[in-house]
Amino acid sequence: MLNASIRKELPAFAIDIDLQFDNGILVLFGPSGSGKSTILNCLAGLRKPSGGRITLGERIFFCQQQGINVPARSRRIGYVFQDYALFPHMTVKDNVLFGLPPGPHRCKKKRGYRMSVRETLDTLKIIHLQDRYPAQLSGGERQRVALARALMVEPELLLLDEPLSALDNQIRQTLQQELKQLQRTWQIPFVLVTHCPHELEALADQVIYLEAGRPNLQPTWQQPLTESGVQTVSV
Amino acid sequence: MIEPILLSLKVALIAVAIVAVLATLLARVLARRTFAGKNLLESCIILPMVLPPTVLGYGLLILLGKRGLLGRLLLDWFDWQIVFTWWAAIIAAAVVSFPLMYQSAKAAFASVDASLEQAARTLGSNEGRVFLRVTLPLAYPGLLAGLVLSFARALGEFGATLMVAGNIPGKTQTIPLAIYFAVETGDNILARNLVLVITGLSIAALFWLNLWSRKKIEIWQQGGDSNAQRIHS
């Protein structure tokens with residue numbers, strides 16, 4: 001159960017949002033610059049909210065009153081970045097194994113993980129890519145590698161920042177289905193940020209419409225439906 | 001002729017080793033921070049690059065000389081006089097090459113996508129691991145360029161070295177000093193040979209840098225610009 005109330009002052013407006021979410025895919029939907037990515041960064045521990053409280057299950061990640069702010073590395077929250085942020089100097093294999101504790105025998109089964117490295121790579125259909133560098137992958141492949149890398153450490157929450165915006169329409173639809181499947185398999189909450197109505201429709205179990213950092217019950221904002229999936233940079 | 005060459009290499013290598021560590025750390029610390037006075041601080045760091053070496057030499061004398069601010073302490077506490085020793089030559093070489101290393105390192109760190117470091121953090125890495133596994137390997141070509149440039153600059157240092165280390169053959173007489181005094185005393189053959197040596201060293205360093213950094217980068221980027229490989233999914 002993700003329980004978060006986040007307040008954060010930005011130059012143009014202030015974020016003030018409450019989230020309660022258990023399992024499934026929560027979509028934060030809003031125009032560019034509505035504070036979506038900042039919310040994800042606060043959840044992940046990459047930015048510090050100015051107030052509020054973030055808990056996941058029993059664990060407290062951030063609490064302004066108690067002065068708690070768990071660093072990102074200790075939160076075990078998976079994060080798929082907008083541009084995937086794959087390490088360009090490492091092969092797919094090294095990218096995917098980056099989050100596992102170092103050592104010659106990275107046998108996940110022995111350490112009590114649910115899925116072995118092989119199973120994770122198989123699920124995402126990237127096992128044949130393991131010796132390639134990110135620059136040699138297509139957009140869809142990169143996205144799968146980024147997902148595998150984030151899931152490999154078996155996070156308790158997965159954050160996705162515009163995960164499909166850089167892909168063309170056909171791959172996007174395939175990956176939408178896969179993403180949904182993945183969530184059903186892993187049974188952890190996914191929080192996904194998008195400004196694309198298609199993605200909202202295809203993926204959301206629950207949705208929060210964001211406008212200038214605040215949830216809006218009636219979405220007054222609609223982006224014109226673009227087929228090309230033009231990438232827009234958000235805050 | 002061999003003495004100034006060995007001394008020059010020794011002085012330049014030690015100076016670059018010191019500069020590499022200090023300038024890289026300083027660049028890393030300042031790269032992702034903004035604070036009041038950062039601009040002024042950076043100007044001061046770059047200053048030795050634009051000041052005449054004699055000004056630096058004068059400054060170093062004031063600092064390290066027998067009655068200097070630091071020199072007096074070293075003399076009182078350790079009975080160590082630093083000016084006119086080869087340590088003074090190292091310090092002079094380090095001071096003039098520091099800005100080159102700092103500038104290169106700063107540009108190299110700035111070129112590393114911050115989201116890669118963020119990704120490493122979300123994958124459980126502490127700051128040390130983020131630096132060693134992500135930032136450093138990616139900034140590496142730029143850092144290497146800084147190393148070679150500062151080495152070449154340290155090797156060629158003349159003015160400040162002459163002022164703080166003097167021209168003591170076998171002790172502080174580096175190649176540039178030896179060339180100057182060889183010409184002064186009319187020993188044109190020695191001067192010519194030393195000129196050839198230092199030019200050869202500098203060309204070799206720069207040539208190797210070009211060759212090597214290109215190879216290193218090609219490994220990651222192969223296929224990166226070819227769209228043909230991207231189509232299949």
Side-chain angles (χ1 to χ4, degrees), chain A residues 37 40-41 43-47 71-91 94-102 125 129 132-144 146 149-153 155 157-159 161 167-168 170-171 174-175, chain B residues 24 28 31-36 105 107-145 212-233:
Chain A
S37 298
L40 284 196
N41 284 337
L43 289 174
L46 297 173
R47 290 185 77 170
R73 65 171 181 275
S74 314
R75 291 195 184 190
R76 284 192 46 174
I77 293 180
Y79 199 142
V80 176
F81 289 78
Q82 185 167 8
D83 53 0
Y84 312 136
L86 298 176
F87 305 123
H89 58 303
M90 296 182 200
T91 59
D94 290 338
N95 262 287
V96 166
L97 293 178
F98 188 88
L100 295 182
K125 296 176 224 152
L129 299 173
R132 297 226 204 142
Y133 285 89
Q136 299 167 293
L137 303 177
S138 70
E141 288 167 342
R142 280 180 209 180
Q143 214 252 4
R144 291 202 176 105
R149 184 178 69 176
L151 289 173
M152 198 57 80
V153 293
L157 169 68
L158 186 69
L159 309 174
D161 193 357
L167 305 173
D168 59 59
Q170 203 181 345
I171 300 168
T174 322
L175 278 166
Chain B
T24 305
R28 178 71 191 108
R32 303 241 193 270
R33 277 185 184 78
T34 43
F35 52 88
F109 287 136
S111 74
V112 176
D113 185 354
S115 72
L116 297 175
E117 296 169 331
Q118 299 285 48
R121 286 183 193 112
T122 65
L123 291 164
S125 297
N126 58 30
E127 289 308 304
R129 190 162 182 263
V130 171
F131 182 69
L132 290 177
R133 295 275 324 265
V134 179
T135 316
L136 200 58
L138 289 172
Y140 182 66
L143 292 176
L144 194 74
W212 205 57
S213 57
R214 198 177 305 146
K215 257 189 201 156
K216 188 85 193 166
I217 296 168
E218 262 173 16
I219 298 174
W220 319 331
Q221 290 181 345
Q222 52 178 271
D225 53 354
S226 97
N227 285 319
Q229 265 179 302
R230 288 184 175 196
I231 291 165
H232 69 91
S233 166

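Residue numbers begin at 1 in each chain, while the letters A, B, ... track the order of the sequences. It should be emphasised that the depicted structure is a prediction, and the values quoted were computed from it without experimental measurement.
- Taking all atoms of both residues into account, the shortest heavy-atom contact from A/Pro88 to B/Leu116 is CD-CD1, 3.7 Å.
- Seen from the ring of A/Tyr79, B/Arg121 does not count as a face-on cation partner, given the 6.0 Å and 45° thresholds.
- The nearest pair of heavy atoms linking B/Leu138 to A/His89 is CD2-ND1, 3.4 Å.
- For A/Leu86, the part lying near chain B is the backbone, with the side chain staying farther off; criterion is any non-hydrogen pair under 4.5 Å.
- Both the backbone and the side chain of A/Leu46 come within contact range of chain B, with heavy atoms under 4.5 Å apart.
- With a 4.5 angstrom heavy-atom cutoff, A/Phe87 touches chain B via backbone and side-chain atoms both.
- Residue contact with chain A, scored on non-hydrogen atoms closer than 4.5 Å, involves the side chain of B/Asp113 exclusively.
- The minimum heavy-atom distance linking B/Ser125 with A/Phe98 is given by the pair OG-CE2, 3.1 Å.
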